[in-house]
A.B. asks: 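Provided herewith is a single structure, encoded as structure tokens, for subsequent inquiry.
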Amino acid sequence: MRVRTNIRVYSLHMSQATLPMERTPESVVESPPALLDRLRRGDPAAVAAVYDEHQGALRAFARRLVGDAHAAEDLVHDVFVALPKAARSFRQESSLRTFLISIAINHARKHVRSAARRNAAFQRFADQRGTATDEPGHPEEAISRRQLALALNRALDKLPLAQRVAFVLCEVEQRTSREAAEIVGVPEETIRTRLFHARKKLRATLEQEGVR
Amino acid sequence: MTLRDPMLDDAVQALRALGDEDADVAADMEGTRARVLASLGRRKQVGRMLATLAVVGAISLSSTAALGWYSGWIPAAWRTIRGVPEEVVPPAPEVVPEQKRSAASKRRSVLARDEASPVETPVEIPAATAADMPPGEALAAAATAEAHAGSELPAAPRSAASGDTIADRTAERPTVPVLRAPEKRGLDRVNEPERSALPQQTPGLVQPDTNTATTQTESPAAQAPSATTDAEAPARLERGAVVSSVSGAEDAPRPAVPGTDAEPPSDAELADYRVAHALHFDERDAARALAAWDRYLVRWPKGRLAIEARYNRALALVRLGRTDDAIAALQPFANGAQGGYRREEARRLLRVLSSGARP
């Protein structure tokens, strides 16, 4: 049974994966103490309830962070498996979703590496085949944007994880540097510094790949 | 945040859209949900198993510890581990049997006992009595007194009639009539503290009868009016008097003979020595004593008592009148080849033998 009593949770649906852009109303979500206690005890039902509520947003963030759908799925799995233990340190200073994103960042390292390897392999395969313009069912413009996205993904793979997280949170997720600092757990100035260096490196990488 | 780079802006928008599309296409909500719940279930099972193992292990350990404590093997094991010396308690120092003591310590003990007894007993053989004695017999008696004084063997119960001279009776006494030159006292005194520290009784190895010795010491002490110095010794000897010289022990510290002080004499060696000693001092059979001393020296040329045996053999030769052989036997002692053992006695005997003892 899904627990909704006393929970002001911004409902997410798969089709509303653009939540970060419309996220403001639920920036602070109040989680009931009962649910939190159940989470801390490792109650599978409580975990399932939280999964149902936040899996879409988390998956979207994971996809943008790691750059690979399968790696993102694995990251989502790891986040919810680690949730009962992590919930013991949750002080409810932020929303539960923000807390889940911070868990995802903490577990993202190995998934980013695996995704980077996979993307690199895919790129080599694509280069051998030629351009991606011959993919069926994709208009040229869409292919172009897709290639741009993939190019940015590959460029992100070359960034240190800390800079990648800062870029994804601030640029892709469009969070403020303050919010990003709270999620990551570092000073705001650090986030800005990382973002600056991330953008600089991404620009240089995209120029090397011939993206204009 | 406003992107100032259009290229990056376009790329970001493209990446954002790609993420959304992949989220719609690749999402496996139910599959991932099932994986999450299965992982949580396995983790809970592992946690329960670990908790059970921990509880069982704790119970087993505490039960074993309690059983071991009350049965006593844990304290014993702890003592063994912590304090091996406590378990392996060294045996109490054994009272070393007399047989195992070195001959030097035995000699010192004997001499210490002899010295402890009232022994400042100058002995002087009346000139008349000494003159009646044949020179060789007188010399042998004097030498016997010296040798017997330093002998480690017990004075066998002596018959009062065994000796027909005061010298003989003196010789039979295990105590040492002291006749010492003043200059010797200093040297002697050096050894006294050591000897006095030694036990009076040395069980095991034959010891002179202290009580008997004391008694016998006192009587000659009453009979001997005056002490005789070494300087008068040659004169008395010329008159036939017998002078008991200084205790052999004082002038004859046991020489340090290599290989002899390390090990005590064996029973067989002691037995041979006892036989010769009895023949020499008790039965006063010089011929048989000589043979016995020869037997001992053949069997134990480097025995613990070989030096004493050689000296007593020399005395036996003196008694038998074999002057030349006696001189040859005494020469090493006079020369100090035996580490100063009986050196002065040997020199005095040699002077007598060389000057007036020839028949």
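Residue numbers start from 1 in every chain, and the chains themselves are labelled A, B, ... in the order their sequence lines are given, proteins ahead of strands. Bear in mind the structure is a predicted one, so any value in this text is a computation, not a measurement.
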A.B. asks: What part of V81(A) gets closer than 4.5 Å to chain B, counting heavy atoms only: side chain, backbone, both or neither?
C.D. replies: both

A.B. asks: Using a 4.5 Å cut-off on heavy atoms from C-beta on, say whether the side chain of P44(A) contacts that of K44(B).
C.D. replies: yes

A.B. asks: Rounded to the nearest 0.5 Å, what separation is found between the CE atom of M7(B) and the CZ atom of R203(A)?
C.D. replies: 6.5 Å

A.B. asks: Answer yes or no: is there an ion pair linking D5(B) with R199(A), defined by an N-O contact shorter than 4.0 Å?
C.D. replies: no

A.B. asks: Under 4.0 Å between a Lys/Arg side-chain N and an Asp/Glu carboxylate O for R33(B) and D52(A)?
C.D. replies: yes

A.B. asks: For D74(A), is it the side chain, the backbone, both, or neither that has a heavy atom closer than 4.5 Å to a heavy atom of chain B?
C.D. replies: both

A.B. asks: Return the minimal non-hydrogen interatomic distance between H77(A) and S39(B), and the atom names on each side.
C.D. replies: NE2-OG, 2.9 Å

A.B. asks: Which bit of L83(A) is near chain B, if near means a heavy-atom gap under 4.5 Å: side chain, backbone, both or neither?
C.D. replies: neither

A.B. asks: Minimum heavy-atom separation for L40(B) to F80(A), with atom names?
C.D. replies: CD2-O, 4.4 Å

A.B. asks: Sort out for me which residue in E173(A), Q174(A), R63(A) forms a side chain to side chain contact (heavy atoms under 4.5 Å, CB included) with R16(B).
C.D. replies: Q174(A)

A.B. asks: Side chain from CB out, backbone as N, CA, C, O: work out which of these in Y51(A) comes under 4.5 Å of a heavy atom of chain B, or both, or neither.
C.D. replies: side chain

A.B. asks: Between atom CG of L148(A) and atom CG of L15(B), what is the distance when rounded to the nearest 0.5 Å?
C.D. replies: 9.0 Å

